[in-house]
Amino acid sequence: MSDITRSLTLTLLPPTATISSYFCRPNLHFPPNYTKPSTTFRCLPSAVKVANFVPTSCVALRPKCSPVRASGQPQQMGGSGSRGTNGLSLVQPILRFAGNNLLPLALVSAVGLGLAYPSLGCAADKYNLSKLGPFGIFIISGLMLRSEEIIAAVEAFPVGLFGIVSILFLTPYFSRIILQIQLQPQEFITGLAMFNCMPTTLSSGVALTQLAGGNSALALAMTVISNMLGIFIVPLSLKKFVADGVGMTLPTQQLFKSLVLTILIPLLLGKVLRESFKDVADFVDRNRKLFSGISALFLSLVPWTQVSKSKSLLLTVKPTVFLVAIGLGTLLHLTLLIFNIVAVSALSAISGGRKSTFSRKENASALILVASQKTLPVMVAVIQPLGNAFGEPGLLVLPCVAAHLNQVVLFSFSCSENNVSNFPQS
């Protein structure tokens, strides 16, 4: 019987090479010298056990291997990678913040550079570099201006019309109130009063409207039309609300010529280039953020040169006085914001309530955000040809730079989801 069992066992057992391959075959998921656990022998046919097969005899066939340490080299590689990842995780938020806030950062940096190294700004002004700023800004504005967006705003014509009236004819009346404030140097007050007579911002109003989910086409239409009409209306507004208040004569003809050269001509030039060359339009549309950044850098050239030339005067100003001027600029924009919110609510009630075009959330958001802002580039274009007619140009510009920064921050909060929901809507 033992011979039969032995014969049956030999018949059922696989060849020796097969047994060796069975136990020593490398696993693709482990190193070549990985040793399979001895529990694998439980999977052998029962006939092997009957034959008194000794597992150690096959184990001896396996190559000797050191224990596998999963925490060895992979941890070392992961350590350096983790340090690199931590470095990137620190840099990326900073770069993202700088990209999203390039305009205020550029303005603050320009003022700081002018105070720290005034000789550089004075040299740049000697070569008329400051005049390049407004010209470049409006060329870029023309390049980025899409015709179809202006056409799309026709449906909200009544809202846009009131927005233009508010920007150019109603809000400048607040300049009379501003001039009643007594502050030394008086250029701070005069500069804020002039700033209040300006059209709306060229870029931030449209950008904030898009962020708030408003009618961006309507915002763009109000921006373009108010700045175009502002060429003719701003000199008259300054003469009526500011020049008479400070007892000075405004060179209207010279100012009009300057606005045409620095605003109208470059704006039309940029628009013609866009419409004449499709490749140019496509390139600009693909790189709108890049062109917005270049526009911010152009804008920063003016406060840089003006502050550099006026550093000696700025150092004579008490810090508390400058803080008061900043507070007045913030108060001005809050006043404009409240004024336009009340006006939109009243017009909505008069023109049909919830069915009125003024009641639509996207239209109301566009009007309130655009009509409550004032532009710095036009202010700069106005101050340059006037010379010292209203006082030291650097002192006139500085509170306006601060006011521009204030309105960007203020309206960034205003266009958040929680605050926009408070605007009139259908």
Side-chain angles (χ1 to χ4, degrees), residues 141 145-146 148-175 195-230 233-234 237 330 332-376 378 403-404 406-426:
S141 299
L145 181 58
R146 295 188 179 113
E148 58 272 15
E149 292 178 339
I150 301 177
I151 297 174
V154 174
E155 295 181 359
F157 173 76
V159 180
L161 180 60
F162 174 77
I164 295 171
V165 171
S166 175
I167 293 168
L168 296 177
F169 297 99
L170 299 181
T171 54
Y173 275 92
F174 290 103
S175 297
F195 186 63
N196 185 59
C197 294
M198 298 299 116
T200 187
T201 53
L202 293 171
S203 57
S204 61
V206 177
L208 291 174
T209 300
Q210 293 174 344
L211 181 62
N215 189 338
S216 58
L218 176 63
L220 182 61
M222 287 189 291
T223 298
V224 173
I225 296 175
S226 65
N227 278 275
M228 295 290 290
L229 294 179
I233 297 173
V234 165
S237 297
T330 304
L332 168 64
H333 294 302
L334 285 173
T335 302
L336 298 181
L337 181 64
I338 295 173
F339 170 78
N340 285 297
I341 290 176
V342 173
V344 169
S345 300
L347 291 172
S348 176
I350 295 173
S351 59
R354 292 184 176 273
K355 297 181 179 180
S356 172
T357 184
F358 287 92
S359 298
R360 297 181 61 181
K361 176 183 175 181
E362 59 271 18
N363 293 341
S365 300
L367 190 153
I368 292 170
L369 291 172
V370 172
S372 303
Q373 299 188 59
K374 299 296 180 179
T375 181
L376 185 62
V378 178
H404 189 93
N406 288 341
Q407 74 181 4
V408 171
V409 175
L410 175 64
F411 292 119
S412 296
F413 285 105
S414 300
C415 71
S416 64
E417 291 297 332
N418 294 332
N419 293 326
V420 169
S421 61
N422 296 325
F423 291 165
Q425 53 185 301
S426 56

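Each residue takes its place number in the sequence, starting with 1.
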Heavy-atom closest contact ([X] atom, [Y] atom, distance):
| X | Y | answer |
| --- | --- | --- |
| Ser166 | Thr171 | O-OG1, 2.8 Å |
| Ser356 | Ser348 | CB-O, 3.9 Å |
| Ala364 | Val344 | CB-CG1, 4.0 Å |
| Asn196 | Ser175 | ND2-OG, 3.0 Å |

4.5 Å side-chain heavy-atom contact, [X] and [Y]:
| X | Y | result |
| --- | --- | --- |
| Gln407 | Leu336 | no |
| Phe169 | Ile233 | yes |
| Ile167 | Lys374 | yes |
| Leu218 | Leu367 | no |
| Thr201 | His404 | yes |
| Leu168 | Ile164 | yes |

About how many Å separate [atom2] of [Y] and [atom1] of [X], when rounded to the nearest 0.5 Å?
| X | Y | atom1 | atom2 | result |
| --- | --- | --- | --- | --- |
| Ile338 | Ile368 | CD1 | CD1 | 11.5 Å |
| Phe174 | Leu332 | CZ | CG | 8.5 Å |
| Phe162 | Asn363 | CZ | CG | 13.5 Å |

*Applying side chain to side chain contact (heavy atoms under 4.5 Å, CB included), run through Thr200 and Asn227 and close with a yes or a no.*
CA-CA 7 Å; Thr200 187; Asn227 278 275; 4.1 Å; yes

_Between Ser226 and Thr223 (side chain of the first, backbone of the second, donor and acceptor by atom type, cut-off under 3.5 Å), is there such a pair?_
yes

*Report the residues that fulfil side chain to side chain donor-acceptor pair (under 3.5 Å) with Thr375, sequence neighbours left out, ordered by chain and then residue number.*
none

